[in-house]
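Structure first, commentary second.
Whatever order the structure lists ligands and atoms in, that order sets their numbers, starting from 1. Here, residue 1 is the first one in the sequence, and each next residue gets the next number. Nothing here was measured: the structure is a model prediction, and the numbers come from that model.
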Amino acid sequence: MLYKNLFYQVLFFFLFLGVASCSKDVVQNPEKLTISEGFKNPIGFYNPNPTFTWELPVSETIKSQTAYQIVAASSKDMLPNNPDLWDSEKQESTQSTFVNYQGKKLESRQNVFWQVRYWNQEGIASEWSDINTFELGLLKNSDWQAKWTGLDTAKDSIKGVRNFLMHRPQYLRKGFELPLDVESARLYFTAKGVFDVHLNGKDVSDDVLPPGWTPYNKRIETLSYDVGEFLTSGDNIIGVELASGWHSGRISRGQALYENFASPKILCQLEVTLKNGTKTTIVSDQSWKGTTNGPIRLASLYDGEVYDANLEMPNWATTNFDDTSWKTAETEAVVDSVKLEPKRHATVKTTKILEDVAIVSSTKESVIFNMKQNMLGVPKVNVPMKKGDTLTIRFSEMLLADGTFYTDNYRSAKSTDYYIAATDGVIEYTPKFTFHGYQYVELSGYDASVEPNASWIKGLVQHSNFSENGSFTSSHDKLNQLQSNITWGLRDNLLDIPTDCPQRDERLGWTGDAQVISPTAMFNFNTHALWTAWLQSMRETQTEHDDGLIPFIIPDVLQRNNASSGWGDACVIIPWDIYNITGDKTVLEENFEMGKKWVGYYQSKAKDFIPDTHSFADWLQPYPEKDGKMGNRGDTPRLFVNTAYFAHSAHLVSKIAGVLGKTEDEKKYKALYNDIAAAFESKFFDEEGKFISKKQTQTSYLLAIYFDLLKPETKVKAQKHLLEEIKNADYHLGTGFLGTPILPKVLDDMGEIDLMYKILFKETYPSWFYSINQGATTMWERWNSYSKEGGYNPQSMNSLNHYAYGAVGQWMYERIAGLAALEPGYKKIRIAPMPNTQFLTSASASVNTSYGEASASWNIENDVFNLETVIPPNTTAEVIIPYGTIDNLSVNGSDFKENANLKLENSEGTLIKITANPGTYQFRSKL
Ligand code: BGC
């Protein structure tokens with residue numbers, strides 16, 4: 001018996017050894033496979049030349065990649081050994097992000113299956129990844145047999161706000177028969193306008209205001225839906241609700257742009273594969289019927305929606321409905337001048353529902369609700385009504401001293417919804433073809449005999465359907481409220497495009513605001529695809545201007561044929577920021593020519609390197625010399641700002657050329673930058689590094705220093721003048737849209753971090769905490785939009801939801817928490833928190849990089865500095881410990897020197913610099 005036991009023990013021991021050794025040798029497969037800007041197994045995909053990204057699994061044994069192999073095939077069974085589309089074969093490379101596809105040409109509708117494996121730091125091959133897929137959409141106009149279809153609603157349009165003609169929303173319908181059961185089906189759909197499409201009475205998707213907003217005279221995005229489950233053999237119905245949206249509705253204060261306010265139309269192509277493999281296609285054409293006598297009577301993005309329940313048409317989108325009284329739809333052909341391309345970023349969705357609502361006040365006629373958060377979206381109301389009564393739903397961001405609505409800042413946007421009841425009883429209503437920016441909602445016209453209840457209303461928060469990407473928190477409530485106001489400001493201004501504000505008669509793609517906020521947006525939300533899609537709209541709009549002009553807003557519904565320095569530069573600054581944050585070179589390749597043309601625009605306007613273009617300059621700088629509207633551009637001169645950005649954009653074009661290997665351009669634009677910088681210094685600064693102007697501004701020094709436009713000796717002097725200016729402002733910021741985002745970076749580079757903390761933690765005007773002290777739940781357009789004692793800023797341009805000043809977020813994540821990308825895409829990460837114990841005892845940030853999650857979290861307790869950090873695989877990090885010495889520094893509870901994954905670089909003064917391999921580390925050092 002003894003020997004028998006011994007035999008089994010020895011047998012198990014060797015078995016264990018074997019499994020351990022082979023499991024140690026089994027390198028786990030790559031994970032989180034995505035294509036291009038982070039798409040996972042998409043259908044209707046826009047790009048036949050995608051890039052591929054994967055993550056190495058987080059484990060003790062896997063540190064980095066030495067090679068990879070990607071295979072792609074048109075059917076699952078061919079993988080991994082018989083790929084017919086592409087086999088990269090083994091590539092000696094550490095690259096695991098944005099690897100270009102180099103296989104066979106891919107076509108519309110093509111379904112591609114792909115897999116990847118990598119070799120780890122010891123050159124051992126991993127398992128193959130799970131099989132991922134992508135299915136291309138209809139890539140070319142010629143793929144469409146359908147016709148633009150709809151009713152001519154222009155002839156019975158209604159005079160709206162500012163006599164702007166309003167189209168009546170349409171209801172369109174088409175019956176079709178399918179001889180057999182359905183194997184699979186794709187609905188390719190878009191509209192000139194916004195739509196909601198139903199099949200056999202069921203809503204095909206929960207998209208909000210699809211297809212979204214592009215320069216419709218250049219490109220209209222198309223959507224693809226997997227609708228097999230919605231169809232049945234026999235009779236089927238497709239029904240569509242259609243409204244004006246951005247295409248045919250009032251947008252911007254000017255005239256309608258697209259096709260001169262033409263009637264909204266749909267483009268529909270339903271491609272069905274039946275069980276026997278035969279295919280049939282149903283398209284939008286003159287066989288469709290339509291009516292404008294449906295319940296949605298009016299719908300405008302700015303002005304709201306009118307819904308008359310008495311006109312509801314039960315079952316209108318099912319086979320059980322008689323549409324003989326409906327009109328025959330009109331059609332027009334698809335034209336080549338307007339490209340039809342699959343949408344290249346997420347549609348808008350309802351991403352959150354706010355239910356924690358409070359009743360603020362109520363009278364016999366009306367009741368006011370507080371959503372407790374300034375939001376963008378629509379209300380969902382459940383309200384008791386009397387038949388024939390009209391429920392009026394009004395919106396406001398904040399209240400006047402007397403508790404009534406402050407809506408002057410909505411300007412001409414009526415932003416009011418109406419619901420006309422068809423029965424007595426509780427009604428449920430959610431506006432569909434409009435959106436509002438608001439924190440407060442007022443209801444009136446409900447059954448006044450019923451006591452109002454907070455449950456009567458919910459807030460549907462709507463924005464492009466991007467996922468959360470990063471987080472930041474700290475030991476300071478107001479700093480955390482600032483982070484909340486930043487993230488809500490982003491949620492409320494990324495509805496298909498980046499907008500300036502969600503509430504008034506703008507809500508436009510202002511380029512200046514976008515360029516300052518994009519890094520903070522990318523940290524908090526996975527907005528990579530949203531930005532690259534918007535940049536495509538920017539490129540298309542630039543083609544309308546031979547001189548390379550980039551208009552103020554994209555899509556350009558203002559048509560001012562004018563540009564502004566600091567705004568147009570978004571065409572260079574955003575691609576550069578997106579590249580550095582993601583490591584995706586595609587954004588540089590796609591936008592390089594646009595950047596060169598923009599610099600060319602400056603050159604065409606420049607005399608001696610000083611461009612005489614328009615500029616909004618340091619927009620909304622506090623304490624401007626001139627009052628009122630005239631003061632909105634601040635005191636940093638137009639020509640100064642023009643020249644600074646001309647130089648900066650030329651410099652970035654040179655750097656981008658360098659990354660793309662375009663050495664000629666790299667040299668050429670570097671030389672141009674040097675020439676402009678020299679002209680800039682001699683025109684605007686004296687020998688003492690002083691800005692030559694009666695009115696000194698912080699921003700003049702910030703731009704000159706941050707854009708590196710001064711000779712080193714002048715720069716040092718200019719830095720002193722900047723500190724003087726800040727001192728003269730009692731250590732408050734004095735910057736507008738352009739100076740604010742670079743203030744923390746310049747002071748940080750100057751080692752003036754404690755001064756930046758002082759400015760950031762100021763409570764009085766102008767400061768970030770001032771608006772919080774006045775009750776802000778989002779970022780304000782102005783530093784002084786409102787105060788409890790003084791009320792609202794008298795200018796009607798006074799949005800309480802502008803994200804530009806939220807650009808400080810980037811510095812909070814990179815220097816307060818200490819998490820930053822040192823190389824593009826976080827291939828090398830910098831963990832370097834710079835705490836200030838006067839204000840904080842802890843701060844944390846985490847972000848999803850293309851390699852996996854990275855994080856930095858520190859706290860100080862009992863004179864001990866604790867730093868926990870996570871470094872994802874296939875990256876390295878530079879960790880800088882701000883306290884203690886190498887002798888009292890421990891890691892994961894043991895002496896730092898024993899940790900093989902850490903290498904001391906240097907320990908000058910108080911900073912200990914370490915290079916770290918992937919892993920999780922708890923550093924501890926004494927203050
Ligand atoms: C917009 C801002 C924009 C500014 C430029 C304002 O009306 O709301 O977002 O940057 O104009 O002048």
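- A side-chain hydrogen bond (donor to acceptor under 3.5 Å, both in side chains) with Ser799 is found for one member of Gln503, Glu506, Arg507 and no other, namely Gln503.
- Within ligand 1, the atoms closer than 4.0 Å to a non-hydrogen atom of Glu781 are 8 (O), numbered from 1 in the order shown.
- Contact analysis leaves Phe552 out of contact with ligand 1, as no non-hydrogen atom separation drops below 4.0 angstrom.
- The Phe616 neighbourhood of ligand 1 comprises atoms 5 (C), 12 (O), with distances under 4.0 Å to a heavy atom of that residue.
- Judged purely by distance below 3.5 Å, without hydrogens or angles, the side chains of Ser796 and Asp408 never pair a donor atom with an acceptor atom.
- Residue-ligand proximity: Arg633 is placed with every non-hydrogen atom at 4.0 Å or more from ligand 1.
- Taking a 4.0 Å cut-off on heavy atoms, Arg507 fails to register as neighbouring ligand 1.
- A cation-pi arrangement is found for Arg491 relative to Trp488, the charged atom lying closer than 6.0 Å to the ring centre and inside a 45° cone about the ring normal.
- The residue from Ile497, Thr499, Ile251, Ile554 that alone fulfils the side chain to side chain contact (heavy atoms under 4.5 Å, CB included) condition with Leu508 is Ile251.
- Close contacts of ligand 1 with Asp513, meaning ligand atoms under 4.0 Å from a residue heavy atom, involve 2 (C), 3 (C), 9 (O), 10 (O).
- Each of the atoms 1 (C), 2 (C), 8 (O), 9 (O) of ligand 1 lies under 4.0 Å from some heavy atom of His802.
- Every atom of ligand 1 is numbered from 1 in the order shown, and the set under 4.0 Å from a heavy atom of Asp500 is 1 (C), 8 (O), 9 (O).
- No salt bridge links Lys218 with Asp556; every basic N to acidic carboxylate O contact stays at or beyond 4.0 Å.
- Each of Phe616, Tyr803, Phe737, Trp619 was compared with Trp510 under the ring pair (Phe, Tyr, Trp, His ring centres under 6.0 Å) criterion, and only Phe616 meets it.
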